[in-house]
Amino acid sequence: DFALPNSKEMITNLVNQLNGSIILILGNHDRRGKQWFLDCGFIEVHKKLKTGNYLLTHRPQTLDRLDNDVVNIHGHAHGNDGSLDKRKYINVSCEVVDYTPIWIDLT
């Protein structure tokens, strides 16, 4: 949930303060079109993104039993993810990571 109901100028200013090339995984409050977010400075915008054995999503996803090696990196659950298998799910909600960027080696 990067944008909520904020203005394009405000979102662009926030993106410009971030380091690196920023990819947005859309949250349930990010209700603008993909192009709107690209215009704000994101290099890519996705509903979900699979990279290697990792699935990046806003909400935790039900993982297919046939895809045993996939780990879901997600937000949305805030701190309420107690029932999720920590080997299969990594919660990166801002409250969980203390509003601080974290490094996850996806290799």
message = Could you walk me through whether L26 and R32 satisfy the side chain to side chain contact (heavy atoms under 4.5 Å, CB included) test, starting with their C-alpha distance in whole Å, then the side-chain angles of each, then the deciding distance to 0.1 Å, before giving a yes or no?
response = CA-CA 9 Å; L26 292 167; R32 309 283 184 153; over 6 Å; no
task = Assess the side chains of S93 and N91: does a donor N or O sit below 3.5 Å from an acceptor N or O?
result =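 The criterion, which ignores hydrogens and geometry beyond distance, is satisfied for N91 and S93.
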inquiry  = Looking only at the side chains, is there a donor atom on one of Q35 and D39 sitting less than 3.5 Å from an acceptor on the other?
reply    =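 Judged by distance alone, the side chains do pair up.
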To the nearest 0.5 Å, how far apart are [atom1] in [X] and [atom2] in [Y]?
X   : Y   : atom1 : atom2 : value
Y89 : Q61 : OH    : CD    : 8.0 Å
I73 : K48 : CD1   : NZ    : 15.0 Å
I90 : Y54 : CD1   : OH    : 6.0 Å
D30 : I11 : CG    : CD1   : 8.0 Å
K47 : I25 : NZ    : CD1   : 12.0 Å

ask   = Do I102 and L49 belong together in a cluster built from hydrophobic side chains that touch within less than 4.5 Å?
value =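 Same cluster.
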message = Do V97 and I104 land in one hydrophobic cluster if side-chain heavy atoms of ILVMFWY residues count as linked below 4.5 Å?
response =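 Yes.
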inquiry  = Looking at N53, is its backbone amide N or carbonyl O close enough to the side chain of D69 to form a donor-acceptor pair, meaning the two atoms are under 3.5 Å apart?
reply    =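 Such a contact is absent between D69 side chain and N53 backbone.
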Short side-chain to backbone donor-acceptor contact, T100 and D98, under 3.5 Å =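 At least one qualifying donor-acceptor pair exists.
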Is there a side-chain contact between [X] and [Y] (heavy atoms, below 4.5 Å)?
X   : Y   : value
I43 : I22 : no
H46 : I23 : yes
L56 : V92 : no
K88 : N72 : no

task = Mind running side chain to side chain contact (heavy atoms under 4.5 Å, CB included) on K8 and C40 for me, showing each step along the way?
result = CA-CA 6 Å; K8 186 178 263 188; C40 291; 3.5 Å; yes
query = Which is it for L38 and V45 under the side chain to side chain contact (heavy atoms under 4.5 Å, CB included) test, yes or no, and what are the steps along the way?
reply = CA-CA 7 Å; L38 291 168; V45 179; 3.9 Å; yes
request  = Search all heavy atoms of F37 against all heavy atoms of F42 and return the closest pair with its distance.
outcome  =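 Looking at all heavy atoms of both residues, the shortest contact is O-CD1, 3.2 Å.
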